[in-house]
Amino acid sequence: MKDTTMPVFAVVGHPNKGKSSIVATLAQNDAVAISHRSRTTEKATRYTISTAQGSYELIDTPGFQRPTKVLTWLKERCGDASQRLATLRQFIDDPECQQQFPDEVELLTPIVQGAAILYVVDGSRPYSKSYETEMEILLWTGQPSMALINPIQNSDFVDEWERALHQFFKSVTLFNPMLADHTKQIELLDVFAHLNSSWRNQLEKIANALQENFEQRKRNSVNLLCRLLTDVCTHEIEQKVLTEDQAKTIEPILQKRFTSDIKQRESLALQELLANYAHLNTEFSIQQLELPPDLFDCDHWYAWGLNKKQLVIAAAVAGAVSGAAVDLAVAGHSFMLGAIGGGLLGGSSAYFASDKIVNLKVKGLPLGGFTAHYGPIIHKNFPYVIIGRFLFCYQQISQLTHADRRSLSIHATDFQKSIEHLEKSQQKELHQVCAKLSKQRIPEALYTALMPLFD
Ligand SMILES: Nc1nc2c(ncn2[C@@H]2O[C@H](COP(=O)(O)OP(=O)(O)OP(=O)(O)O)[C@@H](O)[C@H]2O)c(=O)[nH]1
Ligand SMILES: [Mg+2]
């Protein structure tokens, strides 16, 4: 085996078995061409996975088209096993073979040049002898190899495949490129590391670096949310007007501009979140994500953020409602509900005096005229709404593999559950930062308070 510095793996197999999907997921590249039609990949294409600790390469290849004819060609020209690699070289260099068997020449070239083999099969289709010809050709290369079973529709034939593949490969692994999360991807890299001892060190370092990348992406996501929250919770617009009446007349226009600003900031943050996870081509339907067209319609807010009861609990936990209520609220869930039923909700209703979201303020100017100020949003639920929606997108985007090309669409969230999973002290910290944000104060502990929601 040639000791190349960079580990290189050629992903090979039958047409349409998910070779490109595996490359897309492992290379975290959503530009890799994938489609349900056969022969989507026609040329061997190299993808370099670069990390701070080193790089490795995956080569996406076309599927075998005429393996039986190729094997016959090889056998006719090969005396004994010692000549197999030389015969393969002859095959890929032969202009006539390049014409007749372009796919096999493409897929075998990188292997003959030193790439290890990742042989991909579909575990939802039965095994058959016809695959043995292509596996035999791969054996001729003498390169390190392993098999990956991709359960495209289901796992019905995985056992059968395992028994057959173990006859040809020492290592056989189940890998679903559509679902493989970060941990599964790193586990697979550990298997690759054992295929060739001279690559092991490097691949282990790369696996560590990918783990660190994953952590960094999480930190970036928290920072994105911190920025978004600070930005939208303090946002305010103003417009010069001649009279106080005029200020009232243009209120709907200011409202429209204000709403559009908020939507645009949220949408930008989500685009950045996608980019943070290298989803550069993923279609993202933000329709359901839009704030209700009428900002004063709070109903959606209670679905995305906290409901009214929870807002009272939050206020109590954050220390915004009197002492006894705090003790009751942190004492336990059932007790909390009891406290609310027993009048906490009614007693503190002044705290949520109205569902008013934004104030319009008109200020006189020293030299005559007025300015109409619209914003910031004063509703206590607003920070939760923004966090809830961002978190929901984060959960989907951070799990989305680069082979999964269905466009993302966002539905209701279960933000309340995410909060319930936090420790009591973490809940308190979150409610405190949200209380500050709704008063347009930028909490120092914002990052620390949000981080636990991303775990
Ligand atoms: N549901 C599901 N579909 C998959 C999976 N892997 C691949 N597919 C689908 O199978 C089809 C073929 O996937 P590709 O990755 O293009 O297959 P390929 O082996 O590269 O195909 P060729 O380049 O044409 O040889 C695509 O429609 C994929 O979306 C999987 O794990 N689950
Ligand atoms: Mg392909």
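Below, each value reflects all heavy atoms present in this structure, side chains not excepted, and no hydrogens, waters or symmetry copies. When a ligand or atom number is given, it counts from 1 through the structure's own listing order.
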Is ligand 1 under 4.0 Å from a heavy atom in the side chain of [X], in the backbone, in both, or in neither?
X: His36; value: both
X: Ser38; value: backbone
X: Asp60; value: neither
X: Ser35; value: backbone

Under 4.0 Å from a heavy atom of [X]: give me the atoms of ligand 1 that qualify, with their elements.
X: Thr41; value: 23 (O)
X: Lys17; value: 17 (O), 18 (P), 19 (O)
X: Pro15; value: 25 (O)
X: Pro177; value: 6 (N), 31 (O)
X: Met178; value: 2 (C), 5 (C), 30 (C), 31 (O), 32 (N)
X: Gly18; value: 7 (C), 13 (O), 14 (P), 15 (O), 17 (O), 18 (P), 19 (O)

(request) Could you tell me whether the Mg ion (ligand 2) has an N, O or S atom of Thr40 under 2.8 Å away? (result) no

(request) Look at the N, O or S atoms of Thr41, main chain and side chain alike, and state whether any lies under 2.8 Å from the Mg ion (ligand 2). (result) yes

(request) Check whether any protein heavy atom sits under 4.0 Å from atom 7 (C) of ligand 1. (result) yes

(request) Give a yes/no on ligand 1: does Arg37 have at least one heavy atom closer than 4.0 angstrom to it? (result) yes

(request) Give a yes/no on ligand 1: does Pro62 have at least one heavy atom closer than 4.0 angstrom to it? (result) no

(request) Classify the angle between the aromatic ring planes of His14 and Tyr131 as parallel (below 30°), tilted (30 to 60°) or perpendicular (above 60°). (result) tilted

(message) Tell me whether the rings of His279 and His402 are parallel (<30°), tilted (30 to 60°) or perpendicular (>60°).
(response) parallel

(request) Nearest heavy atom to atom 21 (O) of ligand 1 wins, so pick from Asn16, Thr61, Val11, Ile152. (result) Asn16

Reported [atom1]-to-[atom2] distance for the pair [X] and [Y], which is rounded to 0.5 angstrom:
X: Asp60; Y: Thr41; atom1: CG; atom2: OG1; answer: 4.0 Å
X: Gln53; Y: Gln211; atom1: CD; atom2: CD; answer: 13.0 Å
X: Leu118; Y: Phe169; atom1: CG; atom2: CZ; answer: 9.5 Å
X: Leu108; Y: Ile92; atom1: CG; atom2: CD1; answer: 7.5 Å
X: Arg405; Y: Ser21; atom1: CZ; atom2: OG; answer: 7.5 Å

(request) Run the numbers on Arg66 and Asp103 for salt bridge (Lys or Arg N to Asp or Glu O under 4.0 Å), then give the verdict. (result) CA-CA 9 Å; Arg66 304 164 78 189; Asp103 303 85; over 6 Å; no

Which heavy atom of the protein is the closest neighbour of [atom], given with residue, atom name and distance?
atom: atom 25 (O) of ligand 1; answer: Lys19 NZ, 2.8 Å
atom: atom 28 (C) of ligand 1; answer: Ile34 CG2, 3.7 Å
atom: atom 15 (O) of ligand 1; answer: Ser21 OG, 2.6 Å

Check this for me: [X], atom [atom1], are more than 12 non-hydrogen atoms of other residues, nucleotides or ligands nearer than 6.0 Å?
X: Lys218; atom1: NZ; value: yes
X: Arg265; atom1: CZ; value: yes
X: Glu423; atom1: CD; value: no

(request) Could you tell me whether Lys69 and Glu104 have a side-chain N and a carboxylate O separated by less than 4.0 Å? (result) no

